Peer 1: 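One structure is given below, represented as structure tokens, and several questions about it will come after.
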Amino acid sequence: MLSFLTILLALSTCTCEENPAIQVILTNKGLQYGKHVGAGWIQDKLDEIVLPDVSGEVLGFIDYTLTGIRVSQCDLPEPSVDFYQNATGFKTSVLGLSVAVKGGWLTSCGIIHDGGSFELAVFNVDVTSIVNLGKDGNGHLSVSSVFCDAEVGDARIEFHGGASWIFKYFVKYFHDRIRGEIQEQICPAVRQYIDKIEYHLQAMTVSFQVTPALGLDLPLTSLPVIDTLTLSLPLKGQFHNIKSHKEPPFEAQPFTLAGEPNYMLSVGLSEFTINSALYGYYTAGVLQALITDSMIPPSSPFHLNTSSFAPYVPQLPKLFPGLLMELQVYASKAPVFSFQTGAVKLAFLGVIKACAIQPNTTRTPLFTLTADSKFSGKVFIDSGKLKGSTAMDNFTLTLAASEVGTFKTVALENLVKIGIKMALSKLNEQLATGFVLPRMKQAQLVNSVLKVEKGFVAISSDAEVWPTERVP
Ligand SMILES: *[C@@H]1O[C@H](CO)[C@@H](O)[C@H](O)[C@H]1NC(C)=O
Ligand SMILES: *[C@@H]1O[C@H](CO)[C@@H](O)[C@H](O)[C@H]1NC(C)=O
Ligand SMILES: *[C@@H]1O[C@H](CO)[C@@H](O)[C@H](O)[C@H]1NC(C)=O
Ligand SMILES: *[C@@H]1O[C@H](CO)[C@@H](O)[C@H](O)[C@H]1NC(C)=O
């Protein structure tokens with residue numbers, strides 16, 4: 001009964017229909033590049049690896065230890081890694097691997113101790129591993145081994161020093177047994193390694209704090225999708241207000257991101273992601289500003305005082321002569337952002353409350369305006385920089401309330417338009433220079449292109465990864 005209820009509960013709270021707002025596609029080009037970098041990294045690291053000691057017992061009474069085992073030579077053929085649709089994962093094989101290791105040996109039989117060095121070489125090792133990619137209940141990517149096969153062609157071992165001259169003659173009879181034992185160890189080691197990756201994936205956070213007010217949730221919304229040429233990861237991509245966690249009153253809409261086979265990866269970002277950030281800022285009360293006269297350059301012909309407002313609100317200097325003013329500006333709704341083919345749009349509904357500052361610092365409310373503004377712009381990536389331009393499409397000011405009697409808003413509207421245009425031309429100068437794309441310590445995006453589509457923006461890019469630190 002209890003389990004029946006649990007299932008019912010699980011079904012009723014299931015958010016299976018949630019659309020991903022961010023999609024990441026890894027193409028075969030990206031997979032092959034990643035493999036190449038990984039194989040080079042392993043080859044570089046081989047010299048530094050000290051393998052764990054091996055201890056055991058021979059003939060039932062001689063304890064032995066092989067210690068300080070290092071790789072002395074490794075012939076690592078380029079592995080093959082492919083998307084494997086049948087297991088929703090990857091198939092990796094290394095064929096014809098040969099490795100030589102050397103180290104020290106120690107034996108003890110009661111109080112008799114002996115020791116020396118040894119060399120071990122294994123030839124023609126073939127390993128094939130298939131892993132499955134999945135998703136756990138918390139939206140973490142998960143990885144598990146579904147198939148592993150290992151064959152060792154041959155193994156040779158030689159001992160030197162100590163009393164090794166006694167047993168070196170019959171060691172050769174054990175070569176096949178050593179070969180078999182190494183062969184049996186490979187797949188458990190591969191599985192252990194995959195379990196370790198899985199452990200790290202489970203420990204990874206899927207929710208990040210991005211600004212003091214906002215966090216970004218990036219769990220998988222459904223299983224990764226694999227076909228013969230791509231891996232797609234559907235991610236939630238929703239910002240939230242860290243304090244309130246209030247859900248926005250709108251949902252992510254589905255969109256189709258096409259993987260571009262000539263690029264290593266593609267990322268699709270829905271307008272929902274940006275709107276969730278704007279909504280988060282709005283609910284956090286961040287979208288507001290207090291404009292005072294001290295923010296206006298002294299050289300400006302216009303100042304925030306009642307005499308300056310004479311052309312716009314003629315009665316103001318008569319009612320409140322010679323007083324400084326301040327404007328409280330805030331969003332009356334969360335701004336709405338949208339991606340249209342080739343263009344981005346932003347609609348902003350704001351409120352402007354004006355008050356006079358009395359000599360005793362009391363604020364006297366004067367009037368309240370609503371501002372309805374629409375902006376559009378273009379964004380693109382050029383030479384590794386995010387560039388663009390913006391323009392104001394429409395701006396209207398309406399008088400919502402007044403403590404000083406009614407007045408026409410047209411003149412004031414034109415004044416604010418001039419102010420906005422000045423601000424936009426500053427912004428456009430910066431957008432023309434461009435913003436350098438974010439880069440990580442050991443990776444950067446190259447050859448990136450950005451396309452604005454209906455409802456989302458698609459970025460396709462190659463990446464450059466240098467696994468060990470380098471001076472650029
Ligand atoms: C995938 O599975 C199908 C049916 O289960 C099978 O016919 C096909 O050969 C498999 N493909 C590979 C590459 O193993
Ligand atoms: C008000 O602003 C005007 C400029 O528009 C300036 O000449 C005048 O001195 C200012 N008055 C006060 C009281 O700050
Ligand atoms: C400040 O001055 C205004 C106008 O002179 C007056 O109405 C108001 O009561 C004063 N406030 C205080 C706290 O003195
Ligand atoms: C600007 O907005 C107002 C009110 O929202 C509307 O009446 C007017 O048609 C719009 N103008 C343009 C050019 O879109």
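We count ligands from 1, going down the list as the structure has it; atoms in each ligand are counted the same way. Please read these numbers as outputs of a predicted model, since none were measured by experiment.
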Peer 1: Atom OG1 of Thr221 and atom CD of Gln23: how far apart are they, to the nearest 0.5 Å?
Peer 2: 8.0 Å
Peer 1: Assess the side chains of Gln358 and Thr364: does a donor N or O sit below 3.5 Å from an acceptor N or O?
Peer 2: yes
Peer 1: Contact between Ser300 and ligand 2, counting heavy atoms under 4.0 Å?
Peer 2: no
Peer 1: Could you tell me which atoms of ligand 2, counted from 1 in the order shown, lie closer than 4.0 angstrom to a heavy atom of Ser308?
Peer 2: 2 (O), 3 (C), 4 (C), 5 (O)
Peer 1: Looking only at the side chains, is there a donor atom on one of Lys318 and Gln315 sitting less than 3.5 Å from an acceptor on the other?
Peer 2: no
Peer 1: As an exercise, state the distance from OG1 of Thr205 to CG of Asp217, rounded to the nearest 0.5 Å.
Peer 2: 9.0 Å
Peer 1: Might you point out which heavy atoms bring Cys148 and Arg191 nearest each other, and give the distance in Å?
Peer 2: CB-NH2, 4.1 Å
Peer 1: Are Asp136 and Ser142 linked by a side-chain donor-acceptor pair shorter than 3.5 Å?
Peer 2: no
Peer 1: Give yes if a backbone or side-chain nitrogen or oxygen of Phe302 is under 3.5 Å from a nitrogen or oxygen of ligand 2, and no if not.
Peer 2: no
Peer 1: Mind checking whether Cys355 and Glu326 have side chains closer than 4.5 Å, heavy atoms only?
Peer 2: yes
Peer 1: Run through all N or O atoms in ligand 3 and write down each protein N or O closer than 3.5 Å, as a pair with its distance.
Peer 2:
{"residue": "ligand 3", "atom": "2 (O)", "partner": "Asn360", "partner atom": "OD1", "Å": "3.2"}
{"residue": "ligand 3", "atom": "2 (O)", "partner": "Asn360", "partner atom": "ND2", "Å": "2.5"}
{"residue": "ligand 3", "atom": "11 (N)", "partner": "Asn360", "partner atom": "ND2", "Å": "2.9"}
{"residue": "ligand 3", "atom": "11 (N)", "partner": "Thr362", "partner atom": "OG1", "Å": "3.3"}
{"residue": "ligand 3", "atom": "14 (O)", "partner": "Asn360", "partner atom": "ND2", "Å": "3.0"}

